[in-house]
Amino acid sequence: MRTLTGIQPSGTLHLGNYLGAMRPAIEAQARGECFYFIADYHSMTSLVDPAERRRNTLDVALDWLACGLDPQHSVFWRQSDVPEVTELTWILGTLTPMGLLERAHSYKDKTARGIAANFGLFAYPVLMAADILLYDTNVVPVGRDQKQHMEMTRDIAIKFNQAYGDTLVVPEADIRDELAVVPGLDGQKMSKSYGNTIELFGDEKATRKKIMGIVMDSRSPQEPKPDADRNLAIQLLRLIAPPAVAADFEDRLRAGGLGYGDLKKALFEHYWNHFAAARARRAELAANLDHVQAILRTGAERARAVASVVLQRARKASGLE
Ligand code: ADP
Ligand code: TRP
């Protein structure tokens, strides 16, 4: 059973990314073989600045390693270090109908927002299919927004097998609808694009300021709050503090007598402590970037060993050899 997923190096990760994507991926390591990569080729469809790409790639690597991605167990690499994926992209592209790509939501959304389309953006789902099919992947954990891309990947694999004989593993998507949408500082879905995030590894003063700045209603501390379960600080506390602690704060808010300032202070303390060990690990890793680069290089070698076998199979089947 091989699990694979890609992470775009799109900047600073936040609590929503951690709870929705990173923690489940890290936990999956206990259940089988995991292949995780940083999708830097994909990032080129939206980001042009080379220094920013380099920095984001390293940041994402540090974040994942700090949060528990185990490079001994899992294969962790930078997508572009295994350029075989671009050859498979070409092969798969010749079997991908234009209509299929024209129907892609992500492409349609971006062009509708006025982003000038280029070939890379249009071909994005084919590269993603190649990412997955190049490693004989069985399961792909992704967010709901990637459902259509996964259906396209399956379609493309089936088309290849029909055209050239049974060659590629047809993967399954693992989409967890039940994974809570983590609310941001304004109560909307936490998202980089809404500017409402709590960064995972933000600096202490700025993080405290953000949390203390959460806007609440004007009821007095003494007033009982029967709607305590809907309070944003309580909801966030439930996600990061021990259940008994979160329940205790909720009870005190409901009963009256707990001020919002004290509640937010507690939220900050628990948030800070929750990531203390990961923060220390991240600092250690950041002081030894050669080691991080070496992890990615070793990962790329291990990934490449699998990729070259599958690509060879696809080349043979399609008459390139
Ligand atoms: P963003 O919305 O901040 O741009 P991405 O689209 O890059 O985040 O998401 C990367 C991963 O993090 C996806 O798997 C997505 O499902 C998950 N994720 C992002 N925001 C949240 C959230 N608020 N709650 C739960 N999961 C989230
Ligand atoms: N498109 C995915 C996203 O935006 C990232 C990605 C690229 C990916 N290649 C992949 C995810 C392969 C899973 C498998 O989140």
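For the numbers below, each heavy atom of this structure counts, side chains included, while hydrogens, waters and symmetry mates do not. One-based numbering, in listed order, for ligands and for the atoms of each.
For a threshold of 3.5 Å applied to N or O pairs, the pair formed by H149 and ligand 2 contains no separation below that value. For the pair S193 and ligand 1, the shortest N or O to N or O distance does not fall below 3.5 Å. In terms of N/O distances under 3.5 Å, ligand 2 is approached by Y124. Among the atoms of V182, some N or O lies under 3.5 angstrom from an N or O of ligand 1. At least one N/O-N/O distance between K192 and ligand 1 falls below 3.5 Å.
Minimum interatomic distance between P183 and M190 (heavy atoms only, all atoms of both residues): O-CE, 3.4 Å.
Against a heavy-atom cut-off of under 4.0 Å, M190 is close to the following atoms of ligand 1: 20 (N), 21 (C), 22 (C), 23 (N). Taking every heavy atom of A21 and a limit of under 4.0 angstrom, the matching atoms of ligand 1 come to 11 (C), 12 (O), 14 (O). Of all atoms in ligand 2, listed by their number and element, those nearer than 4.0 Å to a heavy atom of Q146 are 1 (N), 2 (C), 3 (C), 4 (O), 15 (O). Here is the list of ligand 1 atoms found below 4.0 Å of a heavy atom in V181: 24 (N). Distances below 4.0 Å separate heavy atoms of H42 from the following atoms of ligand 2: 7 (C), 9 (N). Which parts of ligand 2 touch I132 is read off a 4.0 Å heavy-atom cut-off, strictly below it: atoms 12 (C), 14 (C). Taking every heavy atom of K189 and a limit of under 4.0 angstrom, the matching atoms of ligand 1 come to 2 (O), 19 (C), 20 (N), 21 (C), 23 (N). Under a 4.0 Å criterion applied to the non-hydrogen atoms of V140, ligand 2 contributes the atoms 13 (C), 14 (C). For ligand 2, the atoms closer than 4.0 angstrom to any heavy atom of G6 are 5 (C), 6 (C), 8 (C), 11 (C), 13 (C), 14 (C).
Between the CZ atom in F37 and the CD atom in Q8 there is a gap of 9.5 Å [rounded to 0.5 Å].
Counting only heavy atoms from C-beta outward, the side chains of H14 and N17 approach each other to under 4.5 Å. Residues F275 and L15 form a side-chain contact, since some pair of their non-hydrogen atoms from C-beta on lies under 4.5 Å apart. Within the 4.5 Å cutoff, no side-chain heavy atoms of L65 are placed close to those of R281. When side chains are defined from C-beta on, K110 does not count as touching F122, because their heavy atoms never get closer than 4.5 Å. Contact of the M22 side chain with the L200 side chain is registered, since non-hydrogen atoms from C-beta on lie closer than 4.5 Å. Within the 4.5 Å cutoff, side-chain heavy atoms of L258 are placed close to those of F249.
For V142, every heavy-atom contact with ligand 2 shorter than 4.0 Å involves the side chain, none the backbone. No part of F35 comes within 4.0 Å of ligand 2, judged by heavy-atom distances.
Salt bridge present: R282 and D59 bring a charged side-chain N and a carboxylate O closer than 4.0 Å.
Donor-acceptor pairing under 3.5 Å is recorded for the side chains of R53 and S43.
Scanning the protein heavy atoms around atom 9 (N) of ligand 2, the nearest turns out to be D131 OD2, 2.8 Å.
Distances from atom 3 (O) of ligand 1 to the heavy atoms of Q188, H14, R23 show the closest one on H14.
Within 6.0 Å of NE2 on H73 lie more than 12 heavy atoms contributed by other residues, nucleotides or ligands.
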